[in-house]
Amino acid sequence: MMEGHRHDAAWPVSRIGIVIKQARLATMQRPAWRPETLPLDIAAAVVVSGRSAETPDQDSELTWTGAVLMRGSEVLDSHVVKNVAATPYIPGLLALREGQLLCAAITALRACPDVLIVAAAGRDHPRQAGLALHLGAVLGIPSIGITDRPLMAQGTYPGPRRGDTSTLLLDDIEVAQWVRTVTGVRPLVAHAGWCTTAEVAAAVLLSCTSHLRAPQPLREARRLARLARNREQNPNSDHRR
DNA sequence: GCGACAG
DNA sequence: ATCTTGTCGC
């Protein structure tokens, strides 16, 4: 951990099929990564969108991508990059819109994390390679995905207490888990990603969550991205929180 | 009637 | 994601 970063990594828009094959290989041939030294160095990145002055009727053309690197509750590095999205959001093709943005934001971090958290699906995907898995494969970093609900996988809700989990299956394979991060609050989905299992994804999620539902690194990345957007798009209002 | 495939 | 409305805890 904390070694130099691969700044040569680029988003292979035209080679998603190769990434999918790699994903299948990783599942069968690569040893699944699991946490060893604690606390983990966790990176998270997330895209928030805004209104473009040029095309106010087209929704969400401008984007702000926040990226953070955290060790425990300590923020080691963070930044936000503004962009124009290449495509609109298309369900199932999130990687087309956000892949390049997240890839650039993460590689701009000064150090390499142990694991990457992305607000997207992993192996729970029509082609077994959602954006969270794509990013990990391209960057060579173990990755997990976190979403509000599964994309295709099926499973029942877990018990009501923090730490309770349940299996989400796609074609009889466990691709994700429901995870109760706060007692009595709607659970999140922890997705198996690049070199990670659903079980590891759930453990990583629980390791960086406490009294709030969402994982701290993702919250921080989103907070910074929204702050940057709001300062630019609503210069009059205050932006506390 | 609306949405039903991540954000 | 973003927006709106409702509920809950401090």
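Below, chains carry the letters A, B, ... as their sequence lines are ordered, and counting in each starts from 1. Basis for what follows: all heavy atoms, side chains included, without hydrogens, waters or symmetry-related copies.
Between Glu220(A) and Arg223(A) there is a salt bridge, with a side-chain nitrogen of the basic residue lying less than 4.0 Å from a carboxylate oxygen of the acidic one. Ion pairing between a basic and an acidic side chain is recognised when a charged N comes within 4.0 Å of a carboxylate O; Asp148(A) and Arg213(A) show such pairing.
Ser143(A) places a side-chain N or O within donor-acceptor distance of the main-chain N or O of Trp194(A), the cut-off being under 3.5 Å. For Asn230(A) (side chain) and Leu227(A) (main-chain N/O), no donor-acceptor pair under 3.5 Å exists by modelled atom type. Not a single donor-acceptor pair under 3.5 Å links the side chain of Arg123(A) to the backbone N or O of Val175(A). The backbone N or O of Thr165(A) sits nowhere less than 3.5 Å from a side-chain atom of Arg180(A) that would complete a donor-acceptor pair.
Residues Ile141(A) and Leu131(A) share a hydrophobic cluster, clusters being chains of Ile/Leu/Val/Met/Phe/Trp/Tyr side chains in contact below 4.5 Å.
Remark: P of dC5(B) and CD of Gln128(A) are 17 Å apart, rounded to the nearest angstrom. Nucleotide dC3(C) holds its P atom 10 Å from the CD atom of Gln233(A), rounded to whole Å. Rounding to whole angstrom units, CG of residue Asp148(A) and C1' of dA4(B) are separated by 16 Å. Counting to the nearest Å, the C1' atom of dC5(B) and the NE2 atom of His125(A) are 9 Å from each other. Taking atom CG of residue Leu151(A) and atom P of nucleotide dA6(B), one finds them 6 Å apart after rounding to whole Å. In this structure, Leu218(A) atom CG and dG7(B) atom P are separated by 10 Å, rounded to whole Å. Atom P of nucleotide dA6(B) and atom CG of Leu101(A) are separated by 18 Å, given to the nearest angstrom. Between the CG atom of Leu96(A) and the C1' atom of dA6(B) there is a distance of 14 Å, given to the nearest Å.
Going from atom OG1 of Thr181(A) over to atom CG of Leu212(A) covers 8.5 Å, rounded to the nearest 0.5 Å. To the nearest 0.5 Å, atom NZ of residue Lys82(A) and atom CG of residue Leu101(A) are 13.5 Å apart.
Taking side-chain N and O atoms only, Arg149(A) has a distance below 4.0 Å to OP1 or OP2 of dA6(B). Residue Arg222(A) places at least one side-chain N or O under 4.0 Å from the OP1 or OP2 atom of dA1(C). The phosphate of dG7(B) (OP1 or OP2) has no side-chain N or O of Ser49(A) nearer than 4.0 angstrom.
Nearest heavy atom pair, residue Thr65(A) against residue Ala225(A), reads C-CB, 4.4 Å.
In DNA chain C, no stem is built from 3 or more consecutive Watson-Crick or G-U wobble pairs with both distances under 3.5 Å.
Using a 4.0 Å heavy-atom criterion, one finds that Ala119(A) contacts the sugar-phosphate atoms exclusively. Using a 4.0 Å heavy-atom criterion, one finds that Leu131(A) contacts the bases of the nucleic acid, with or without backbone contacts as well.
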(request) Using Watson-Crick or G-U wobble pairs with both distances under 3.5 Å, give me DNA chain B in dot-bracket, 5' to 3', with [ ] for crossers and | for pairs to another strand. (result) .......

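Residues from residues 181-196 of chain A lying near DNA chain B, meaning a heavy-atom separation below 4.0 Å, are absent.
Heavy atoms from other residues, nucleotides or ligands lying under 6.0 Å from CD of Glu199(A) number 12 at most.
Under the side-chain contact (heavy atoms from CB on, under 4.5 Å) rule, Val204(A) has a single partner from Ile146(A), Thr196(A), Ile117(A), which is Ile117(A).
Checked against dG7(B), dT2(C), dC5(B), the side chain of Arg229(A) finds its nearest nucleotide in dT2(C).
As rounded to the nearest Å, dT4(C) and dC2(B) have C1' atoms that lie 16 Å from one another.
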